[in-house]
Amino acid sequence: MAETAKLIIDGKELEFPIIEGTENEKAIDISKLRAETGYITIDPGYKNTGSTQSAITYLDGEEGILRYRGYSIEELADKADFLGVSYLLIYGELPTEEQYDDFVGKITTHTMVNEDVRKIFDGFPVNAHPMGVMSSLVSAMSGFYPDSYNDKMPDNTDTHIIRLLAKLPTIAAWCLKNSKGHPLNYPKNKLDYCSNLLQMMFAMPVEDYEVNPVVAKALNKLLILHAEHEQNCSTSTVRLVGSSKANIYSSISAGISALWGPLHGGANQEVIEMLEEIKADGGDSQKYIDKAKDKNDPFRLMGFGHRVYKNFDPRAKIIKVACDEVLEALGIDDPVLDIARQLEEAALKDEYFVKRNLYPNVDFYSGIIYRALGIPVNMFTVMFAIGRLPGWIAQWKELRENNEPIGRPRQIYTGATAREFVPIEKR
Ligand code: SDX
């Protein structure tokens, strides 16, 4: 007998089915609630509400577990490369050697961006934030590939997936170069994905550019750690836009915009700016811990807290170790790293943070590594977007293949009740 949940409303007892996932997570299926009771549920921020059933990522916020298609983030970060993880997320299995070579080969031959895209760059002010530029350019890509418009699952979805994975690094690097007034670099097909991104971002025509293998390896790990995270804000945005059968470029562009927010992917930029502010203010971590606790002070400890992780964010643990390794390998002594460590130590002992299960999240240490890799602060969230792209694609593809209904939440109306129109002379 399938498990059910009983609800008594207006003296009437109703039963709703309970569904259970492969990791024993349970949900009450309320899809018939309004039809049977006239009631809806309300849950600001969807803290208790599931939007879908998905086979892509499992995370356990209490235990600090994160798995992509069943593989632990620890193993993938240590043993896989970003394109292999992208294939796993999008197609559900780790690629065979032949599948991997075919996938990487296709991506390599799609890294060039239509030269007309360069003209769009010219329309942006030099100091435009690269997240806004990138979101616009990804949406503009739909114009270059109009066969992505049709509202059936386009047969060539795989080609659009390849184009996005291949061209986003080029577009991202062009955003950086354009903002500096430097000549744009073209991809070099002999380089691997991360090395190619680095050379497009940092190579200058006046001298040879050698990719530092330590930097490329660290970037590969960071992109894997950012690749997917189930129904977070930006992924839910991609799904909602995709649920109207909008094309993949428009859906991903919407995800980039959602990720930009300082409470979401934009936090990695906010963390470094916060650490720099603390350093400039004399390095008094406790002062900022107290500000974060003060309800009258809008200041939040950026990079701390998480909607789901009520224990350590497993990604933060891995990035923290990588931080030490990368800075040591590059011979960098970054004073804000000490401030970050002091903040973490103080917060993890403080009742306010302990009671609210506020731990460092993926954004707390990532900015320190990005900066050590030479990446400018306003490009940190762009790096997050490059990492998250395969996750967005995988979730969009799953939604479309499962023919999920258009997303359209309900509401409770709290405005004026019915009233007659008043002519302007009588108002
Ligand atoms: C990402 O969802 C994902 O998976 C996201 C992500 C992914 O991979 O896609 O993991 C990436 O977005 C990581 C989060 C990056 N954002 C930040 O670091 C910004 C700082 N953190 C927060 O603003 C906050 O913690 C959120 C947005 C991450 C989570 O917010 P919630 O779940 O809505 O929790 P909340 O705001 O209701 O906070 C609960 C309590 C509140 O205090 P009380 O009302 O109970 O007194 O904790 C407090 C908050 O004031 N709180 C903080 C805090 N975060 C929460 N207080 C101080 N500093 C903070 N950082």
Side-chain angles (χ1 to χ4, degrees), residues 43-51 54 56-62 64-68 73 77 89 131 222-239 255-275 278 285-319 340 343-344 346-348 350-368 380-381 383-392 394-395:
D43 183 21
Y46 312 113
K47 295 190 175 186
N48 305 279
T49 300
S51 61
S54 174
I56 299 169
T57 293
Y58 171 67
L59 64 87
D60 180 326
E62 283 65 37
I65 294 170
L66 173 58
R67 297 191 199 118
Y68 297 165
I73 192 63
L89 286 167
M131 284 298 278
L222 283 166
L223 294 182
I224 289 171
L225 291 169
H226 286 82
E228 226 297 281
H229 216 241
E230 52 128 288
Q231 304 310 317
N232 59 84
C233 176
S234 55
T235 301
S236 297
T237 303
V238 170
R239 276 182 163 262
I256 293 171
S257 299
L259 187 72
W260 191 2
L263 293 185
H264 189 16
N268 56 18
Q269 175 171 345
E270 299 280 329
V271 166
I272 281 292
E273 288 167 358
M274 171 187 74
L275 295 172
I278 296 171
S285 307
Q286 192 53 49
K287 174 181 169 185
Y288 285 82
I289 294 264
D290 295 340
K291 275 170 66 69
K293 291 157 61 176
D294 177 356
K295 286 298 169 201
N296 300 317
D297 188 329
F299 175 80
R300 278 198 163 191
L301 212 51
M302 301 312 277
F304 256 78
H306 198 276
R307 171 61 55 76
V308 176
Y309 288 123
K310 298 310 172 193
N311 192 321
F312 234 91
D313 182 331
R315 302 166 296 175
K317 271 187 183 167
I318 297 170
I319 293 176
L343 267 180
E344 177 188 358
L348 296 185
D350 187 293
E351 170 59 20
Y352 173 93
F353 290 85
V354 173
K355 196 173 96 184
R356 292 168 177 79
N357 298 306
L358 301 176
Y359 293 87
N361 58 48
V362 66
D363 293 309
F364 190 63
Y365 285 102
S366 54
I368 297 169
F380 287 4
T381 312
M383 307 312 288
F384 193 148
I386 294 171
R388 185 53 51 90
L389 179 60
W392 288 331
Q395 296 274 352

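In this chain, numbering begins with 1 at the start of the sequence shown. Just follow the structure's listing: the first ligand is 1, and inside any ligand the first atom is 1.
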(request) Among all protein heavy atoms, pick out the one at the shortest distance from atom 53 (C) of ligand 1; state its residue, atom name and that distance to 0.1 Å. (result) Leu358 CD1, 3.9 Å
(request) List every atom of ligand 1 that sits less than 4.0 Å from any heavy atom of Arg307, numbering the atoms from 1 in the order shown and giving each element. (result) 29 (C), 31 (P), 32 (O), 33 (O)
(message) Tell me if the NZ atom of Lys317 is crowded by more than 12 foreign heavy atoms within 6.0 Å.
(response) no
(message) Taking 4.0 Å as the limit for heavy-atom contacts, which would you say applies to Lys293 with ligand 1: side chain only, backbone only, both, or neither?
(response) neither
(message) Donor-acceptor pair, distance only, cut-off 3.5 Å: does the side chain of Asn361 make one with the backbone of Gly305?
(response) yes
(request) Just let me know how Leu263 lines up against ligand 1, side chain, backbone, both or neither, with a heavy-atom cut-off below 4.0 Å. (result) both
(message) Applying salt bridge (charged side-chain N to carboxylate O under 4.0 Å, His left out) as the test, list every pair that has at least one member in residues 351-365; sequence neighbours left out.
(response) none
(message) Show the atoms of ligand 1 that are less than 4.0 angstrom away from any heavy atom in Lys47.
(response) 33 (O), 37 (O)
(request) Could you please spell out the steps behind the side chain to side chain contact (heavy atoms under 4.5 Å, CB included) verdict for Tyr309 and Arg315? (result) CA-CA 11 Å; Tyr309 288 123; Arg315 302 166 296 175; 3.7 Å; yes
(message) Any nitrogen or oxygen of Gly303 lying under 3.5 Å from a nitrogen or oxygen in ligand 1? Just yes or no.
(response) yes
(message) List ligand 1 atoms under 4.0 Å from Ala267, heavy atoms only on the residue side.
(response) 15 (C), 16 (N), 17 (C), 18 (O)
(message) If you scan the protein for heavy atoms around atom 39 (C) of ligand 1, do you find one that is closer than 4.0 Å?
(response) no
(message) Give the atom numbers and elements of ligand 1 that come within less than 4.0 Å of a heavy atom of Asn232.
(response) 2 (O), 3 (C), 4 (O), 5 (C), 9 (O)
(message) For His306, which part has a heavy atom under 4.0 Å from ligand 1: side chain, backbone, both, or neither?
(response) both
(request) Just jot down the ligand 1 atoms closer than 4.0 angstrom to any heavy atom of Ala292, in number order. (result) 57 (C)
(message) Can you tell me if Tyr352 has over 12 outside heavy atoms packed within less than 6.0 Å of its OH?
(response) yes
(message) Less than 4.5 Å apart, side chain to side chain, heavy atoms only: is that true for Val362 and His229?
(response) no
